[in-house]
Amino acid sequence: FRSGTRMDNGSFNFNARKGKIGFNAFVSGNVRPFVTTPSSYDRTSMDSTGRTVLLHQDGTGHFKRGGYESGLGFDYTVNERNSISASIAFDRFGNNGTGSVNQMQTVMDANSLPVSIVSTINNTNSKFNFHTTDAGLSYKKTFAKEDKELDIDANTSIGTNRGSAS
């Protein structure tokens, strides 16, 4: 049995440069292992005929989540006034939850005797994840005149989301 906000994280970064060429790479990720969360609820109310209605619920939920991000990049200095760089990154995140709730509803008459008892079990299951890919290409030109430069950038991002619940 675990409770709380335990999270496991990791990361690796690499950067290198030789002369006019630079390269970088990274990967990072995290996971929150399955956590079990108990729940309990009791309510007493009256229906429209004055009978007492007792509702009792108890259950547990199990939830985990995690994701990662990774990428590559490079830059190239063509000469002292012109440079090019490019990058690509991948992301993925998801979570998964399951649970069960036992529910009992008892209707009592004026003498506190049960008129009806209804028991149900509600099971739940949910999943969600998304994945994206981001890419970019840049060109930079500096001019002899101070504070003058030209930047041309092209960026794109595509992704998908998927979810289900029952």
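- Taking all atoms of both residues into account, the shortest heavy-atom contact from K64 to P33 is CB-C, 3.9 Å.
- Of all the heavy atoms in V78 and K20, the pair that sits closest is O-NZ, 3.1 Å.
- The two atoms that bring E80 and T142 nearest to each other are O-OG1, 3.9 Å, heavy atoms only.
- The aromatic rings of H131 and F90 lie parallel to each other, their planes meeting at an angle below 30°, with 60° marking the opposite boundary.
- In the hydrophobic cluster analysis, where Ile, Leu, Val, Met, Phe, Trp and Tyr join through side-chain heavy atoms closer than 4.5 angstrom, F26 is grouped apart from F74.
- The shortest side-chain heavy-atom distance between T52 and M46 falls under the 4.5 Å cut-off.
- With contacts defined as side-chain heavy-atom distances shorter than 4.5 Å, the pair T133/T156 does not qualify.
- The aromatic rings of F128 and F130 lie tilted to each other, with the angle between the two planes from 30° to 60°.
- Side-chain contact check for S157 and D134: at least one donor-acceptor pair (N or O, by modelled atom type) lies under 3.5 Å.
- Within 6.0 Å of the NZ atom in K127, the count of heavy atoms belonging to other residues, nucleotides or ligands does not exceed 12.
- Nearest heavy-atom pair across D109 and R51 is CA-CG, 4.5 Å.
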- request: List the steps, then state whether side-chain hydrogen bond (donor to acceptor under 3.5 Å, both in side chains) holds for D91 with T132.
  value: CA-CA 5 Å; D91 302 293; T132 60; 3.0 Å; yes
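- Pairing each heavy atom of D153 with each of S138, the nearest pair is OD1-OG, 2.6 Å.
- Scanning all heavy atoms of the two residues, the minimum distance from I121 to S100 falls at CG2-OG, 4.0 Å.
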